[in-house]
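These notes are about the structure you will find just below.
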2 protein chains.
Amino acid sequence: MGAAVTRPGPRRTLSEQAILDAALALLAELGADRVTIRGIANRVGIAPNAVYTYFPDKAAVLHGLAEQLLGRVLDDRQTDARRPWRDRVHSLAHDLRAELLAHPGSVRLLLDNDGPNARAINATLLSVLADAGLDQDAAARGAHLVNVLILGSIATANQAATDQFEWSIDRLLDGLSTYAAR
Amino acid sequence: MGAAVTRPGPRRTLSEQAILDAALALLAELGADRVTIRGIANRVGIAPNAVYTYFPDKAAVLHGLAEQLLGRVLDDRQTDARRPWRDRVHSLAHDLRAELLAHPGSVRLLLDNDGPNARAINATLLSVLADAGLDQDAAARGAHLVNVLILGSIATANQAATDQFEWSIDRLLDGLSTYAAR
DNA sequence: ACCTGAACACCGTTCAAGT
DNA sequence: ACCTGAACACCGTTCAAGT
C-alpha cells in the first residue's frame, strides 16, 4: 500500500481570486482575527506557504480582501446625480454599514486601504458633496469626515443602533450644509 | 559553581501598576501590536505566565492600559463650566488626540473600553453638550458622535493633519448647534 | 499568593527540494 | 511557476511543581 502522498507541483486549479474567496468566507464565518494564512490555505487545500505564490505577504491578502468588500457597495443609488444629495449619502452610508456589519471586525481592514474601490467610493462622495455646494477643498475634507463617521460608528457601536447612526449622519450633513451656505 | 537559577516564589516587588507601566512603555516605544504578555514579562523580569497572577488574561491587561491612557486626558480646561462649550470640546479633542498620536495603534484599545476614565470623559462631554442647549437624549447621541469623530479621525489619518481635524470638529459642532436651535 | 519550567496549540514566514 | 515538508521565531495560555 503505497502512501497516497500529495506531491509538490502545480495544480492550476487555484487563482488569486480563490484565495480571496476563502478569506472572505473566513471573515464572514469567524471574524477578522480568524482570517489567517493557515486557515485560508487549509480551506483551499494547499500548504500554508503555498499562499505566498499568490500574495507576497498577509498584508497584501488583507488589502485584497478589503477591496472585495468595498466592491460590493457602490451602485446606481449613490451615483445617480438626479437624486437629492442627502439621500445619496444616506444610501452610501447604509450600504457600507450593512457590508461591514455582515463581516465582524472588518472595519480595521479598511482603515489603511487605498485601492481602486476605495478611490471610487471617495470620488462618489466628492461629487455628492460638490452637488451640496461645497468647494473642492471642503468636499475633500467633508468626504473624509463622512468616511470617518461611518467607519467610527461601526467600530464603536456596542449594539446595532441604526437610529443613532442615522441621527449622526444627519447632524454631520447639517454641519456641512451650514458650511456650504456660509 | 552552583547554578544561580532564579527559584520560584514571591518577590513582592511587583504590582498590577508595574505591569501596566511596562505595557505603556512598550506601547509608546513599539506600538500596540508589540504589547505582548511575553514582552511585558520580559520587561519586568518575570516569566510570561507570572503575568497571569496579576491579570486574568491579555484582554484585561489591554483594558487597564486603555484606562491608563484615558486617565491623562481630563483636566480643568474641559471641566470648567465658565469656558465656552465649543472651546471645551476642542480642548478635549486636542488632548485625546495628542495622547493617542503619542501611542501608535492605541485607538483600537479604546474602542471597546468602558472603564471609569472612559465614563468620566463621556460625562464631561454630556455636560458640555447640555450647556450647548442639547436635551438629554441628543447630548448622549452627540457625545457618542464626538467620540466617534475623534477616534475615527486618528485611526484613518494618513498624516498628522491637524487642520483637517479642527475643521471636522467645527463642522460637527455646527451640526449639533443647528439641532439645538431647531 | 507568587513564581518557574515545560508544554500545548497556535501564528507568519523562509528555505530547500520536488514536479 | 506551483507546490510540499520542515523549520524558525514568535504568540497566548495552561499545568504541575517549588517557595
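By convention in this document, chain letters (A, B, ...) are assigned in the order of the sequence lines, proteins followed by strands, and residues within each chain are numbered from 1. What you see is a predicted model, and the numbers here were worked out from it, not measured in a lab.
A:Y54 has its OH atom 8 Å from the C1' atom of D:dC3, to the nearest Å.
The B:A50 side chain lies nearest to C:dT4 when the options are D:dT13, D:dC3, C:dT4.
Residue B:H63 places its NE2 atom among more than 12 non-hydrogen atoms of other residues, nucleotides or ligands, all under 6.0 Å distant.
Checked against side chain to side chain contact (heavy atoms under 4.5 Å, CB included), A:D112 has no partners two or more places apart in sequence or in another chain. Take A:A28 and apply the side chain to side chain contact (heavy atoms under 4.5 Å, CB included) test, not counting sequence neighbours, and it matches A:H103. Every residue meeting the salt bridge (Lys or Arg N to Asp or Glu O under 4.0 Å) condition with B:R72, not counting sequence neighbours, appears here in chain and number order: B:E99. In terms of the salt bridge (Lys or Arg N to Asp or Glu O under 4.0 Å) criterion, residue partners of B:R119 (sequence neighbours excluded) are, by chain and number, B:D114. Shown here are the side chain to side chain contact (heavy atoms under 4.5 Å, CB included) partners of B:A143, two or more places apart in sequence or in another chain: B:N122, B:L125, B:L126, B:L129. Remark: A:D87 engages no residue in a salt bridge (Lys or Arg N to Asp or Glu O under 4.0 Å) (not counting sequence neighbours). Residues passing the salt bridge (Lys or Arg N to Asp or Glu O under 4.0 Å) test with B:D174 are B:R86, B:R171, sequence neighbours excluded.
When the options B:R83, B:R82, B:R77 are evaluated for a salt bridge (Lys or Arg N to Asp or Glu O under 4.0 Å) with B:D80, the one that passes is B:R82.
Two residues, B:P56 and A:P48, neighbour DNA chain D, and the one matched to the more 5' nucleotide by heavy-atom proximity is A:P48.
The backbone N or O of A:V89 sits nowhere less than 3.5 Å from a side-chain atom of A:Q78 that would complete a donor-acceptor pair. Side chain of B:Q164 to backbone of B:A161: no donor-acceptor contact under 3.5 angstrom is found.
For DNA chain C, the residues of residues 40-47 of chain B within the heavy-atom distance limit of 4.0 Å (strictly under) are B:I46, B:A47, sorted by number.
Salt-bridge check for B:D135 with B:R182: passed, with a basic side-chain N closer than 4.0 Å to an acidic carboxylate O.
Pairing analysis of DNA chain D (Watson-Crick: purine N1 to pyrimidine N3 plus N6-O4 or O6-N4; G-U wobble: N1-O2 and O6-N3; both under 3.5 Å) yields stems of 3 or more pairs at C:4-8 with D:12-16, C:12-16 with D:4-8.
Pairs passing the side-chain hydrogen bond (donor to acceptor under 3.5 Å, both in side chains) check and including a residue from residues 25-45 of chain B, sequence neighbours excluded, read B:E29-B:R43.
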Below 3.5 Å between N/O atoms, which protein atoms pair up with nucleotides 10-12 of chain C? Just atom names and distances, please.
from, atom 1, to, atom 2, distance (Å)
C:dG12, OP1, A:I37, N, 3.0
C:dG12, OP1, A:K58, NZ, 3.0
C:dG12, OP2, A:I37, N, 3.1
C:dG12, OP2, A:R38, N, 3.3
C:dG12, N7, A:R38, NH1, 2.6
C:dG12, O6, A:R38, NH1, 3.0

Pairwise N/O distances under 3.5 Å, protein to nucleotides 17-19 of chain D:
from, atom 1, to, atom 2, distance (Å)
D:dG18, N2, B:G9, N, 2.9

